[in-house]
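Structure record follows, encoded as structure tokens.
Just follow the structure's listing: the first ligand is 1, and inside any ligand the first atom is 1. In this text the structure is predicted, and so the values were computed from the model without any measurement.
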Amino acid sequence: MEKIRVLYKEEEIINRTKEIADELYSKYGDDEVVFVCTLKGAVFFACDLLKNYKGDGRIEFLRVSSYEGESSTGKINLKLPLDAEKINGKHVVVVEDIVDTGYTLEFITDYINDMYPASLITCALLDKKARRVVSIDPDYSGFIIDDLFVIGYGLDYDQKYRNLPYIGVVEKD
Ligand code: IMP
């Protein structure tokens, strides 16, 4: 059985998510906002964000993939597209689990911008800033972390560990 070191407990994650939800509400007020949850990793974070968002928040889902094991393949595949009608002319917030090299976030923002939203911002639970290859930063991030492979709270290692109610690091012997 692997040993997992806890980085962020559920309570810390939820408190930080509430702060972001309130910041977003002060930005949009009562305007309709479409939160685009990127599957599968951002699903826990997106649910927390939506539950704590006091305005008119809608939800749509997008699935892309680039990771195999612990490394990005660099090539992004669109697995579940968005319905352009739900995006065109809307205020859109992309909800990501983690930004690493930045290839995925860049792909997603280009993809959504082609649908002509009224505005587009991005929000990631975690930001591995030191690993960035593409010059892109999320507009909002929960926590900036070191170059560690993290799991839990939606994040996986080969589909495992998503269900952990905290963010952790697998300790290798
Ligand atoms: P990027 O394209 O390199 O920025 O990678 C972004 C995607 O890779 C995220 O949406 C995650 O699915 C995955 N990813 C990057 N770092 C980690 C990690 O530490 N744990 C789990 N998944 C990760």
Between [X] and ligand 1, which residue portion shows a heavy-atom distance shorter than 4.0 Å: side chain, backbone, both, or neither?
X: T104; result: both
X: T38; result: neither
X: R131; result: neither
X: D156; result: backbone
X: D100; result: both

Requested in this report: Look at the side chain of Y111 and the backbone N and O of L82, then say whether any donor-acceptor pair between them is shorter than 3.5 Å.
Outcome: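 Checked: pair present.
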Query - Of the listed options I167, V150, L126, T101, closest to atom 3 (O) of ligand 1 (non-hydrogen atoms) - result: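 When every heavy atom of I167, V150, L126, T101 is considered, T101 comes closest to atom 3 (O) of ligand 1.
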Query raised in the report: Which of the listed options, K128, E96, R162, holds the heavy atom that is closest to atom 16 (N) of ligand 1?
Result: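 Looking at heavy atoms only, the winner is K128.
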Query raised in the report: Is G102 in polar range of ligand 1, meaning some N or O pair under 3.5 Å apart?
Result: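 So ligand 1 has an N or O lying under 3.5 Å from an N or O of G102.
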Query raised in the report: When only distance counts, is I151 in polar contact with ligand 1, meaning an N/O pair under 3.5 Å?
Result: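 Checking ligand 1 against I151, no N or O pair falls under 3.5 Å apart.
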Requested in this report: Kindly state each residue pair satisfying side-chain hydrogen bond (donor to acceptor under 3.5 Å, both in side chains) with at least one member in residues 140-154, sequence neighbours excluded.
Outcome: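 Every pair satisfying side-chain hydrogen bond (donor to acceptor under 3.5 Å, both in side chains) with a residue in residues 140-154: D48-Y153.
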Query raised in the report: About how many Å separate CZ of R63 and CG of N77, when rounded to the nearest 0.5 Å?
Result: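 With rounding to 0.5 Å, CG (N77) is 10.0 Å from CZ (R63).
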Any carboxylate oxygen within less than 4.0 angstrom of a Lys/Arg side-chain nitrogen, looking at [X] and [Y]?
X: D100; Y: R132; result: no
X: D97; Y: K40; result: no
X: E19; Y: R16; result: yes
X: D158; Y: K160; result: no

Report summary line: L155 heavy atoms within 4.0 Å reach ligand 1 at atoms 21 (C), 22 (N)
